[in-house]
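Shown next, in structure tokens, is the structure this report addresses.
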Amino acid sequence: RAKAAGRGGSQVFRPEMREQTIREGRLEQELRAALLRDELRLVYQPIIELSSHEVAGFEALVRWQHPRRGLLGPAEFLPVAAESGLAQDIDRWVLRRACLDMSGWQRQHPQARVLSLSVNFSAEHFNAPDTVAFLREVLSQTGFDPQHLNIEITEGVLLGQPQAIGQTLRDVQALGVKLHLDDFGTGYSSLSYLHNYPLNTLKIDRSFVASMLESRSSSELVRTIVSMTKNMNLSAVAEGVENQEQMAALEALGCEFAQGYYFSRPLPLLEAGQVVHDLNGRRQG
Ligand code: C2E
Ligand code: MG
Ligand code: MG
Ligand code: MG
């Protein structure tokens, strides 16, 4: 193996790099085929309204039913998808499928509370020139009410050209769709974009929720984010709530919504619907 020569260390060829390239190339081909063969699946994680302890909505999360490797989570294929231009195709499949699923579920449960649907958009997808047109098309094809659709973006989306991004955000909101900033606090977190860009909700990253009972600085951070959302007329969703103590702490801070394994893992649609039945109780009629 070549020794790292001076500052060129990162450019030195290592056999593992070639193996990784081959592995990623194969994964990319399989992923392209997966889209055609309909191997992607959706699971839905309930989002709980803390004032009522009812399910207020679902977040759609993508999975890949791989023919040999079994059910894969997004961390195993979204990075390759992003590099190969497939992220947009996956997000669009997810949006259409989730709108169809939810329209269908709601039609079959006419007494149930109308649920919101949250769908994740990658930066690559959000910044594509025809994203708003595509959203409009899916909403009209599926009949899903735009008022109940949330698009989740991460802070990375907001790093590009401010004029173009601002325009896309406003165009999405003009459809009636809401914008949720995912994993809030983990990215480049410049408070200026809360001021400059139209957003509806901050999703407090689960790393802060995970440490809020042990760490004073984490709990102060969560408190600050929650009170900031109130002052700015935004909503807050706490991610990754895993126990009753965290839920109680978030309730005490006045956090509006929560999501996490304590309430429910992400589940296939029918099982997620059962959680709605269990928690929203009598309203199911
Ligand atoms: P995210 O959007 O922040 O989604 C929340 C992730 O946290 C999900 O992981 C969920 O299963 C997990 N989670 C929920 N509650 C808990 C909890 O109490 N404890 C812990 N430890 N984890 C919890 P998942 O499904 O593996 O998704 C990971 C990420 O992949 C998502 O993070 C999102 O950024 C991305 N992703 C998933 N589906 C899509 C998609 O359709 N399009 C795009 N662009 N990204 C997606
Ligand atoms: Mg999300
Ligand atoms: Mg999230
Ligand atoms: Mg997260």
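All heavy atoms count here, side chains included; hydrogens, waters and symmetry mates do not. Order of listing sets the numbers, starting from 1, for every ligand and every atom in it.
Polar contact with ligand 1: absent for Tyr262 (N/O pair, distance under 3.5 Å).
Side-chain contact, Asn127 with Gln161: no donor N or O sits under 3.5 Å from an acceptor N or O.
Only the side chain of Asp182 comes within 4.0 Å of ligand 1, judged by heavy-atom distances. Here Gln45 has side-chain heavy atoms under 4.0 Å from ligand 1, and that is the only part of it that gets that close. In Leu78, the part holding a heavy atom less than 4.0 Å from any atom of ligand 1 is the side chain. Contact annotation for Asn120 and ligand 1: heavy atoms of both the backbone and the side chain come within less than 4.0 Å of the ligand. Looking at Val62 against ligand 1, both its backbone and its side chain come within 4.0 Å, counting heavy atoms. The side chain of Asp183, and not its backbone, has at least one atom closer than 4.0 Å to an atom of ligand 1 (non-hydrogen atoms only; side chain from C-beta on). Within the 4.0 Å heavy-atom criterion, both parts of Ser122, backbone and side chain, lie near ligand 1. Contacts between Lys203 and ligand 1 below 4.0 angstrom, taking non-hydrogen atoms only, are absent altogether. For Arg265, no heavy-atom contact with ligand 1 is shorter than 4.0 Å. Heavy atoms of Gln246 found under 4.0 angstrom from ligand 1: none, in either backbone or side chain.
Summary: OD2 is the N/O/S atom of Asp182 found nearest to the Mg ion (ligand 2).
One finds no salt bridge joining Arg96 and Asp91 here, because no Lys/Arg side-chain nitrogen approaches an Asp/Glu carboxylate oxygen to under 4.0 Å.
Within ligand 1, counting atoms from 1 as listed, the ones closer than 4.0 Å to a heavy atom of Pro74 are 24 (P), 25 (O), 26 (O), 27 (O), 28 (C), 30 (O), 37 (C). Set against the non-hydrogen atoms of Glu242, the atoms of ligand 1 under 4.0 Å away are 17 (C), 18 (O), 19 (N), 20 (C), 21 (N).
One finds an angle of 90° at the Mg ion (ligand 2) between OE2 on Glu59 and OE1 on Glu152, to the nearest 10 degrees.
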